[in-house]
Engineer: 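I'd like to ask you about the structure that follows.
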Amino acid sequence: MTAETLATPSVGAEQALDGLATLLRDRRTAVLTGAGVSTDSGIPDYRGAGAPVRVPMTFQTFVADERARKRYWAGSHLGWHRFRAAEPNLGHRSLVLLENAGLVSGVITQNVDGLHTRAGSRHVVDLHGSMDLVVCLSCGQAFGRDSIAARLEADNPVLAHPEQVEIAPDGDAIVVDIDGFIVPDCSVCGGLLKPNVVFFGELVPTGKFAAAAALVRAADALIVAGSSLAVNSGIRLLELARRRKLPIVVINRGATKGDGRALVKLEAGTSETFAGLVSRLTG
């Protein structure tokens with residue numbers, strides 16, 4: 001079984017899933033997920049076909065530029081409401097069933113939407129953090145996102161009646177009129193608050209990466225689903241699996257940086273693929 005065999009257009013989707021199920025049967029599999037797993041929940045992908053070109057907020061800009069911080073908080077608030085309204089999709093739910101059957105040992109996710117946990121996955125490493133928590137950069141105090149949202153809406157009434165905006169996978173949104181926007185500060189020390197997500201220019205926390213690496217080391221196979229692997233942390237985990245000679249499966253519509261290192265590459269949607277594995281491996 002080779003990556004080329006399962007990716008050949010002449011091989012039907014059902015036959016490809018049969019081959020994938022044969023490969024993964026009796027193996028405890030770690031799963032690394034990216035934005036493509038959440039697109040069926042209405043959360044757009046950064047890099048999928050048709051995705052607009054955008055420059056995400058960097059940590060350096062967030063800390064140094066007050067106006068950029070205002071724009072980020074306004075957009076992030078509106079995006080967070082979209083995240084809260086999103087529901088786990090068939091792919092998320094299928095991973096729960098595979099975990100319950102002992103076939104998936106855990107999920108490492110690059111997503112910050114919390115949908116794996118809401119779906120019921122028990123062992124989730126949110127590599128890039130989660131939008132439902134806010135932290136102070138000065139004293140380290142953590143706040144629930146609901147309490148910060150209430151302060152934002154009280155100080156900025158326009159947020160209670162937002163116009164339709166374009167939402168990005170990190171929960172950001174395009175908001176133009178932010179000159180009078182009031183950014184919340186830490187109620188403990190007055191320091192800068194930041195959603196508990198890894199910005200561009202920030203490193204994944206050491207403990208989070210260690211937990212993800214431990215999952216890969218304990219696994220018999222690795223699936224990368226819905227990620228282009230453009231972020232270094234994902235590539236490092238892929239390399240860890242490759243050095244351990246684990247079978248690597250990439251499920252993604254479009255090329256990824258891991259295609260050349262995968263035993264199997266499926267050009268397919270993640271929801272239908274994971275559902276297909278459930279029917280073959282848990283029946």
Side-chain angles (χ1 to χ4, degrees), residues 1-41 45 47-49 88-111 115-116 119-124 215-229 234 237-283:
M1 184 184 300
T2 66
E4 290 76 18
T5 298
L6 289 188
T8 300
S10 60
V11 177
E14 294 302 313
Q15 292 92 328
L17 278 170
D18 289 342
L20 184 55
T22 298
L23 173 66
L24 297 176
R25 185 171 282 111
D26 299 324
R27 283 190 165 101
R28 282 174 56 80
T29 301
V31 181
L32 171 64
T33 67
V37 170
S38 291
T39 54
D40 287 344
S41 294
D45 191 350
R47 300 177 180 89
N89 61 49
L90 178 62
H92 298 111
R93 298 192 300 272
S94 296
L95 282 172
V96 174
L97 295 175
L98 291 170
E99 183 183 19
N100 290 344
L103 299 165
V104 164
S105 55
V107 175
I108 305 158
T109 186
Q110 298 172 319
N111 300 334
L115 290 175
H116 284 298
S121 288
R122 297 186 303 278
H123 196 171
V124 179
L215 260 179
V216 175
R217 289 192 187 97
D220 303 314
L222 174 68
I223 294 176
V224 179
S227 173
S228 65
L229 291 170
L237 293 169
L238 184 79
E239 273 299 293
L240 177 59
R242 186 190 65 80
R243 290 195 300 271
R244 293 194 61 242
K245 303 186 185 304
L246 299 184
I248 296 170
V249 177
V250 174
I251 305 166
N252 195 63
R253 287 196 173 105
T256 83
K257 288 187 175 181
D259 291 354
R261 284 167 273 194
L263 175 63
V264 175
K265 166 64 188 297
L266 280 183
E267 288 274 347
T270 57
S271 291
E272 56 264 36
T273 300
F274 285 131
L277 288 176
V278 168
S279 66
R280 287 164 173 79
L281 295 174
T282 67

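Below, all heavy atoms of this structure are taken into account, side chains as well, without hydrogens, waters or symmetry copies. All residue numbers in this chain count up from 1 along the given sequence.
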Engineer: Tell me the closest heavy-atom pair linking Ala21 and Leu281, and the distance in Å.
Structural biologist: O-CD2, 3.6 Å
Engineer: What's the verdict on side-chain contact (heavy atoms from CB on, under 4.5 Å) for Ser227 and Thr256, showing C-alpha distance, side-chain angles and the deciding distance?
Structural biologist: CA-CA 7 Å; Ser227 173; Thr256 83; over 6 Å; no
Engineer: If we only count heavy atoms from C-beta on, is the Val216 to Leu246 side-chain gap below 4.5 Å?
Structural biologist: yes
Engineer: Side chains of Thr33 and Thr109: do they bring a donor and an acceptor to under 3.5 Å?
Structural biologist: yes
Engineer: Supply the atom-to-atom distance Thr270 OG1 to Ile251 CD1, rounded to the nearest 0.5 angstrom.
Structural biologist: 7.5 Å
Engineer: Ignoring hydrogens and geometry, is there a side-chain-to-backbone donor-acceptor pair from Glu99 to Gly106 under 3.5 Å?
Structural biologist: no
Engineer: Verify side-chain contact (heavy atoms from CB on, under 4.5 Å) between Arg280 and Glu14, making sure each step is shown before the conclusion.
Structural biologist: CA-CA 10 Å; Arg280 287 164 173 79; Glu14 294 302 313; 2.4 Å; yes
Engineer: Measure the spacing between OG1 of Thr29 and CD1 of Ile248 and express it to the nearest 0.5 Å.
Structural biologist: 12.0 Å
Engineer: Passes side-chain contact (heavy atoms from CB on, under 4.5 Å), Asp26 versus Leu103? Steps please.
Structural biologist: CA-CA 7 Å; Asp26 299 324; Leu103 299 165; over 6 Å; no
Engineer: How about Val31 and Phe274: do any of their side-chain heavy atoms sit closer than 4.5 Å?
Structural biologist: yes
Engineer: Check whether Arg93 reaches the backbone of Pro88 with its side chain - one donor and one acceptor, N or O, closer than 3.5 Å.
Structural biologist: yes
Engineer: Is it the case that the side chain of Ser279 and the backbone of Gly276 share a donor-acceptor pair, with hydrogens and angles ignored and the cut-off at 3.5 Å?
Structural biologist: yes
Engineer: Under the salt bridge (Lys or Arg N to Asp or Glu O under 4.0 Å) criterion, do Glu239 and Lys245 qualify, and how do the steps go?
Structural biologist: CA-CA 10 Å; Glu239 273 299 293; Lys245 303 186 185 304; over 6 Å; no
Engineer: Decide yes or no for Glu267 and Asn252: does some side-chain heavy atom of the first lie under 4.5 Å from some side-chain heavy atom of the second?
Structural biologist: no
Engineer: For Arg244 and Arg217, indicate whether the former's side chain and the latter's backbone hold a donor-acceptor pair under 3.5 Å.
Structural biologist: yes
Engineer: Is Ser38 reaching over with its side chain to a backbone N or O of Ala35, donor-acceptor style, under 3.5 angstrom?
Structural biologist: no
Engineer: Which pair of heavy atoms, one from Thr282 and one from Ala101, lies closest together, and at what distance?
Structural biologist: CG2-CB, 3.7 Å
Engineer: I'd like to check His92 versus Ser121 (side-chain heavy atoms, cut-off strictly below 4.5 Å). Are they in contact?
Structural biologist: no
Engineer: So do the side chains of Val224 and Leu238 get within less than 4.5 Å of each other, counting heavy atoms only?
Structural biologist: yes
Engineer: Provide the closest heavy-atom pair for Leu263 versus Pro247 in the form atom of the first, atom of the second, distance.
Structural biologist: CD2-CB, 4.1 Å
Engineer: Nearest 0.5 Å, what's the CG-OG distance between Asp40 and Ser271?
Structural biologist: 3.5 Å
Engineer: Looking at side-chain heavy atoms only, is the closest gap between Ile223 and Val104 below 4.5 Å?
Structural biologist: no
Engineer: Test Leu215 against His123 for side-chain contact (heavy atoms from CB on, under 4.5 Å), laying out the working first.
Structural biologist: CA-CA 9 Å; Leu215 260 179; His123 196 171; 3.7 Å; yes
Engineer: Has Arg25 got a side-chain atom pairing as donor or acceptor with Leu20's backbone, closer than 3.5 angstrom?
Structural biologist: no
Engineer: Can you list the residues that meet the side-chain hydrogen bond (donor to acceptor under 3.5 Å, both in side chains) rule with Ser105, with sequence neighbours excluded?
Structural biologist: none
Engineer: So which of Val250, Leu229, Val37 actually passes side-chain contact (heavy atoms from CB on, under 4.5 Å) with Leu32?
Structural biologist: Leu229
Engineer: Under a 4.5 Å cut-off applied to non-hydrogen side-chain atoms, are Leu277 and Leu24 in contact?
Structural biologist: yes
Engineer: Between Lys265 and Asp259, is the closest basic N to carboxylate O distance under 4.0 Å?
Structural biologist: yes
Engineer: If you measure from CG on Asn89 to OG1 on Thr39, what distance do you get to the nearest 0.5 Å?
Structural biologist: 7.0 Å
